[in-house]
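See below for the structure under consideration.
Here is how names work: the chains are called A, B, and so on, in the same order as the sequence lines, proteins then strands, and each is numbered from 1. This structure is a prediction, so every number in the text was calculated from the model and none was measured.
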Protein chains: 2
Amino acid sequence: MQNKKDINESGQERLMRCGIRPSVQRLAIMNYLMENRIHPTVDQIFSDLYPTMPTLSRTTVYNTLKLLVDSGAAIILTIDEKNTRFDAEIKPHTHFMCNQCGSVTDLNINPPILKGNYIDDCEILNSELYVYGYCPECKKKRN
Amino acid sequence: MQNKKDINESGQERLMRCGIRPSVQRLAIMNYLMENRIHPTVDQIFSDLYPTMPTLSRTTVYNTLKLLVDSGAAIILTIDEKNTRFDAEIKPHTHFMCNQCGSVTDLNINPPILKGNYIDDCEILNSELYVYGYCPECKKKRN
DNA sequence: TTGTATTTTTGTAATGATTTCAAATATGTA
DNA sequence: TACATATTTGAAATCATTACAAAAATACAA
């Protein structure tokens, strides 16, 4: 369950809380991630922001995403073999990718919470549960 | 738990069972994967086999791994953001990557078995649980 | 066995994502 | 305003992966 603070937190607030100076570009990218929970690739972010920010550089998108991830304002998903994807939802949850259309969505299933534990003497910091298959739309089309 | 058949299965048998003609190169790569359960990258495989197979081409390693994965003789791991990794252990199990040294190992924890289920109307074919943190060796060094 | 068709391997070139880097721009502060 | 610092930018470099066509190996029929 999300608490009110998380739900209401603005992009600006998220950046501040994570110690990131909210430049125009950073705020645009942070807001994009928080408002478009499609786990976008770098190119999706760039292409969607470019029309309203024609001076935006791909390098800035890369730089900013690195900054967001390093400071805990976003997480990186390796669910997609082809492209790195990003998510502003930083609380543990499960991700699903459709083998047909490639869309990545949240799955309503709780991942095991392993953080803080030791397993096989490994110190666990975080974990990701990735699920693959066919999304409802593609499932229909295949029949 | 592994059954005898899995334990005893040779590279040759694995290839045959999966309908792959066992050429010299394919057999070398299959055996390497089955004998070195380090979840190697393409380059690790190539570098380790090259000394004893000086005519081996990187492209062959790529081609063969694609073939192995497509026919179910191996699985692909996206746990490592930098490089694709491969595993000859095809039964569901959990993987761990060390944030410090980058090594990938099996973790003695059962992943949720979701295959065959529908969640949020998604048809589940397979899933991967990836765990990150510090391996025992790096944990020691950090103290 | 020989010749021919098919499969597999190989090396090079192309592609695509990401990083590096140094100059240009913007911002914060005295 | 003037200067120092932080940020953005675009071009070039890097690195993993794929495409491709020629060469080599193998299968198979005569």
Could you check whether any side-chain heavy atom of B/M97 comes within less than 4.5 Å of a side-chain heavy atom of B/D80, counting everything from C-beta outward? yes
Among residues 95-103 of chain A, which residues get a heavy atom nearer than 4.0 Å to DNA chain C? none
I'd like to know if B/E9 and B/R17 make a salt bridge, using a cut-off of under 4.0 Å between side-chain N and carboxylate O. yes
Taking CG from A/L56 and C1' from D/dG10, how many angstroms apart are they, rounded to a whole number? 12 Å
Rounded to the nearest angstrom, tell me the gap between atom CG in A/D43 and atom P in C/dT15. 17 Å
Axis-to-axis angle across the helix from C/dT1-D/dA30 to C/dA30-D/dT1, five pairs an end, to 10 degrees? 20°
Find out whether B/P22 and B/M16 are in side-chain contact, i.e. whether some heavy atom of one side chain is under 4.5 Å from a heavy atom of the other. yes
Can you find a heavy atom in the side chain of A/R21 that is under 4.5 Å from one in the side chain of A/L15? no
Sub-4.5 Å side-chain heavy-atom contact between A/I20 and A/L68: yes
Are OP1 or OP2 of C/dT10 and a side-chain N or O of B/T55 less than 4.0 angstrom apart? yes
Does atom CG of B/N99 have more than 12 heavy-atom neighbours from other groups under 6.0 Å away? yes
To the nearest angstrom, the CD1-C1' distance between A/I29 and D/dT7 comes to 12 Å
Restricting both atoms to N or O, compile the protein contacts to nucleotides 19-24 of chain C shorter than 3.5 Å, with distance only.
| unit_1 | atom_1 | unit_2 | atom_2 | d |
| --- | --- | --- | --- | --- |
| C/dT19 | OP1 | B/K82 | NZ | 3.3 |

Go through the side-chain N and O atoms of B/N108 and B/H93 and say whether any donor and acceptor fall under 3.5 Å apart. no
NA contact type, B/T41, heavy-atom cut-off 4.0 Å: base, sugar-phosphate, or nothing? nothing
A/K66: salt bridge (Lys or Arg N to Asp or Glu O under 4.0 Å) partners, not counting sequence neighbours: A/D70
Heavy-atom nearest nucleotide on DNA chain C taken for B/P54 and for B/R21; more 5' hit belongs to B/R21
Pairwise side-chain contact, B/N36 with B/I45, heavy-atom cut-off 4.5 Å (strictly under): no
In terms of side-chain heavy atoms of B/R26, which of D/dT9, C/dG11, C/dT8 is nearest? C/dT8
Does B/T60 reach a base, just sugar-phosphate, or nothing at all? Heavy atoms under 4.0 Å. base
Non-neighbouring partners of B/T84 that pass side-chain contact (heavy atoms from CB on, under 4.5 Å), sequence neighbours left out: B/I76, B/F86
Check the distance between D/dT8's C1' and A/L65's CG and give it to me in whole angstrom. 14 Å
C/dA17 C1' sits how many Å from B/N83 CG, rounded? 13 Å
For C/dA26, does OP1 or OP2 lie under 4.0 Å from any side-chain N or O of A/Q25? no
Please determine if a side-chain N or O atom of B/T84 lies less than 4.0 Å away from the OP1 or OP2 oxygen of D/dA16. no
Separation of D/dA16 P from B/Q44 CD (nearest whole Å): 12 Å
Locate the shortest heavy-atom distance separating A/R37 from A/L33; write the atom from each residue and the value. NE-O, 3.9 Å
Would you mind listing the cluster partners of B/I124? Hydrophobic ones only (ILVMFWY), side-chain contacts under 4.5 Å, chaining allowed. A/F96, A/L107, A/I109, A/L114, A/I119, A/I124, A/L129, A/V131, B/F96, B/L107, B/I109, B/L114, B/I119, B/L129, B/V131
Check the distance between D/dA6's C1' and A/L67's CG and give it to me in whole angstrom. 11 Å
For atom CZ of A/R85 and atom C1' of C/dT18, their distance in whole Å: 17 Å
